[in-house]
Amino acid sequence: MNNIRVRFAPSPTGPLHIGGVRTALFNYLFAKKYNGTFILRIEDTDQNRYVENAEKYIVDALNWCNIPFDEGVNKNEKFGPYRQSERKDIYAKYVQKLINSGNAYYAFDTSEELDFHRKDHEEKGKTFIYNWHNRKKGRLKNSLVMSKEKLNVKIESGEKYVVRFKSPSEKTLKMHDLIRGEVKIDTKTLDDKILFKSDGMPTYHLANVVDDHLMEISHVIRGEEWLPSMALHILLYESFGWKIPEFAHLPLILKPTGKGKLSKRDGDKLGFPVFPLAYDNKLTGKVSSGYREDGYFPEAVINFLAFLGWNPGTEQEIFNLKELIKAFDLDRVNRSGARFDPEKTKWYNHQYLQLKTDKELAELFLPIIDKKLEDSSSHRNDISYISHVVRLIKERATFVKDFWDLGNFFFKAPGSYDTKACKKQWKESTPHLMKELISLLDSTDNFSAKHIETTVTEWITSKELGFGRVMPPFRLALVGALKGPDLFEIASLIGKEDTIHRLENAIKKI
């Protein structure tokens, strides 16, 4: 494919939902696969819902996900401006072209008048649709039923109006979607959508088509919720006499139950993020969680989002961005909705955590250690030591923030001991055995994990003690609970002095 140009066009009305991130991702992957251009356009035609800083949030989210746009606001502005609010004059020119060609008309109906017609139809068991069957019958106030003179008087007097598209009444529109195949629609069922509002701003429909044409968009890849608008958009392209881009409508991301579209409420209820970054709602004062702040790696987020509605046709599940670009194709995007699985997202993060080096993880763990340790510690800034700790505990971790609970005993002696474990494992003879163990360890010069294990094992065997009498109390002394990685690795890492000190403490306190 040549000259591939795709766009992601969110509205700055709040935080970017992960459904929007997935749309951006699929556009990005498609563009990069064919050496194309990924464009960010801000569709801020609805000024009533505009939220300050939402545009910055969108850009920050794309950058954090490592899918930055190639062209857009303040970046390679080849077809700028890229905010629709700054393109009003352009839309006014094109809506006038539609009026002049007879494909659009002025409508002066007030909201109250339209509400009256809707209620009147409802009382008669009908549905009110503003289109071919009533637009010329005189009950509606539009330029199709008035003289040019009357129309000019209304416009010149400043009477409020909208501009509606004149949908054809007798046409079967055959459309092709790259994901859903052929889609047919009888244009008689379409209403005459508003293209230009009374506030001088275009609706999404007009602005979207005009911008896609002027920005030379080759493929429109967007969410399934826009599928009903496809007919109108194609009719607009035909009315202008423009080349129609390829369309692809992505499946919905469904709730974990598989029923209904995933919403912020689902995340709040079940305890998982639905936004890439945390969002502070200045109006409500409520902060919504984000994948970044919850400890997810961007690579994991991108990987699990890619699999919501797409599959590579193989058993492989872990894909870095380069692999995704190579494997991605719209042919393998599903038609049906994709169920969101919060546990699967954690699984992806666990996989990416295991792929990182111990040193990388140690550096991420370092700020948590600094925050948790109030007093000075000889190991709190020792990357080599922390890397060794990470190597021992990372297999059980899903997030870097899990490291502290999994391995805090590597940095400080236990201040308390698991009551249930003590009751079961700390017997009357245990203090005497632990004193013997102290003497044994104190006389050991080589404190490597392997040597300690050999020494202690030989001692237990020679004394015919049984491992159950020694190892659980030993672990309780070092860790404070019956948890943690290999006990001899723990002892070796914290060192002889600290190991003996912890055993002595346990004898005194338990």
Side-chain angles (χ1 to χ4, degrees), residues 6-28 38-65 67-69 72-74 80-88 91 111 162 193-212 215 220-229 232-233 249-250 252-253 255 260-268 273-293 301 305 340:
V6 297
R7 48 73 167 176
F8 176 53
S11 298
T13 55
L16 185 61
H17 188 278
I18 57 167
V21 179
R22 196 232 6 215
T23 298
L25 172 63
F26 282 18
N27 275 277
Y28 178 90
F38 173 51
I39 298 152
L40 175 67
R41 189 171 71 221
I42 303 299
E43 301 206 338
D44 57 348
T45 56
D46 190 347
Q47 292 292 294
N48 292 325
R49 296 177 62 217
Y50 176 82
V51 174
E52 190 178 354
N53 291 331
E55 182 183 318
K56 182 180 184 301
Y57 178 98
I58 292 165
V59 174
D60 289 347
L62 294 180
N63 287 335
W64 179 72
C65 291
I67 52 172
F69 60 95
V73 178
N74 300 322
Y82 289 83
R83 293 188 190 95
Q84 290 187 330
S85 59
E86 298 171 5
R87 298 170 64 85
K88 288 193 288 185
Y91 306 129
S111 298
V162 297
K193 291 287 187 186
I194 295 173
L195 302 179
F196 213 69
K197 296 177 286 187
S198 58
D199 62 0
M201 289 292 285
T203 60
Y204 167 84
H205 304 293
L206 177 72
N208 162 68
V209 168
V210 169
D211 287 346
D212 283 349
M215 294 179 184
V220 175
I221 304 170
R222 59 190 182 185
E224 181 182 306
E225 61 270 26
W226 293 111
L227 187 59
S229 301
L232 170 60
H233 296 173
H249 289 88
L250 307 175
L252 294 175
I253 297 179
K255 301 173 185 285
K261 186 179 178 181
L262 180 70
S263 69
K264 176 183 177 296
R265 191 173 299 169
D266 298 312
D268 292 340
V274 295
F275 304 129
L277 315 179
Y279 178 70
D280 185 358
N281 190 320
K282 301 298 183 184
L283 294 176
T284 64
K286 187 176 180 181
V287 178
S288 298
S289 62
Y291 279 94
R292 179 179 65 183
E293 290 73 18
V301 173
L305 282 179
F340 181 83

Report the distance from atom [atom1] of [X] to atom [atom2] of [Y], rounding to the nearest 0.5 Å.
X: Ile253; Y: Thr23; atom1: CD1; atom2: OG1; value: 7.5 Å
X: Arg7; Y: Asp212; atom1: CZ; atom2: CG; value: 4.0 Å
X: Thr203; Y: Ile194; atom1: OG1; atom2: CD1; value: 7.5 Å
X: Asp44; Y: Thr13; atom1: CG; atom2: OG1; value: 10.5 Å
X: Leu62; Y: Leu25; atom1: CG; atom2: CG; value: 10.0 Å
X: Leu227; Y: His249; atom1: CG; atom2: NE2; value: 5.0 Å

Let's go through Phe340 and Ile18 carefully: what are the C-alpha distance in whole Å and the side-chain angles of both, what is the deciding distance for side chain to side chain contact (heavy atoms under 4.5 Å, CB included) to 0.1 Å, and is it a yes or a no?
CA-CA 11 Å; Phe340 181 83; Ile18 57 167; 3.6 Å; yes
Treating [X] as the side-chain partner and [Y] as the backbone partner, does any N or O pair qualify as donor plus acceptor under 3.5 Å?
X: Glu86; Y: Pro81; value: no
X: Tyr82; Y: Ile39; value: no
X: Asp266; Y: Ser263; value: yes

Find out whether [X] and [Y] are in side-chain contact, i.e. whether some heavy atom of one side chain is under 4.5 Å from a heavy atom of the other.
X: Val287; Y: Glu293; answer: no
X: Ile221; Y: Leu250; answer: yes
X: Phe8; Y: Tyr28; answer: no
X: Leu195; Y: Tyr91; answer: no

Side chain to side chain donor-acceptor pair (under 3.5 Å) involving Asn53 - partner list, sequence neighbours excluded
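By the side chain to side chain donor-acceptor pair (under 3.5 Å) rule, Asn53 matches no residue at all.
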Taking atom NZ of Lys88 as the centre, does the number of heavy atoms from other residues, nucleotides or ligands within less than 6.0 Å exceed 12?
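Not more than 12 within 6.0 Å, no.
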Around atom NZ of Lys261, are there more than 12 heavy atoms of other residues, nucleotides or ligands at under 6.0 Å?
no
Angle class for the Trp226/Tyr204 ring planes (parallel below 30°, perpendicular above 60°, tilted otherwise)?
parallel
Shortest non-hydrogen contact from [X] toward [Y]:
X: Cys65; Y: Val21; value: SG-CG1, 4.0 Å
X: Ser198; Y: Val162; value: N-CG1, 3.9 Å
X: Tyr279; Y: Val51; value: OH-CG1, 3.3 Å
X: Leu277; Y: Tyr57; value: O-OH, 2.6 Å
X: Ala61; Y: Pro276; value: CB-CG, 3.7 Å

Kindly indicate, with the supporting measurements, whether the criterion side chain to side chain contact (heavy atoms under 4.5 Å, CB included) is fulfilled by His205 and Thr45.
CA-CA 10 Å; His205 304 293; Thr45 56; over 6 Å; no
Between Arg292 and Asp60, is a side chain to side chain contact (heavy atoms under 4.5 Å, CB included) present by the stated rule, with each step listed?
CA-CA 11 Å; Arg292 179 179 65 183; Asp60 289 347; 5.7 Å; no
Run His17 and Lys264 through side chain to side chain contact (heavy atoms under 4.5 Å, CB included) and show every step you take.
CA-CA 8 Å; His17 188 278; Lys264 176 183 177 296; 5.6 Å; no
For Arg87, which residues count as a salt bridge (Lys or Arg N to Asp or Glu O under 4.0 Å) partner, sequence neighbours excluded?
Asp211
Would you call Asp268 and Lys286 a salt bridge, taking side-chain N to carboxylate O under 4.0 Å as the test?
yes
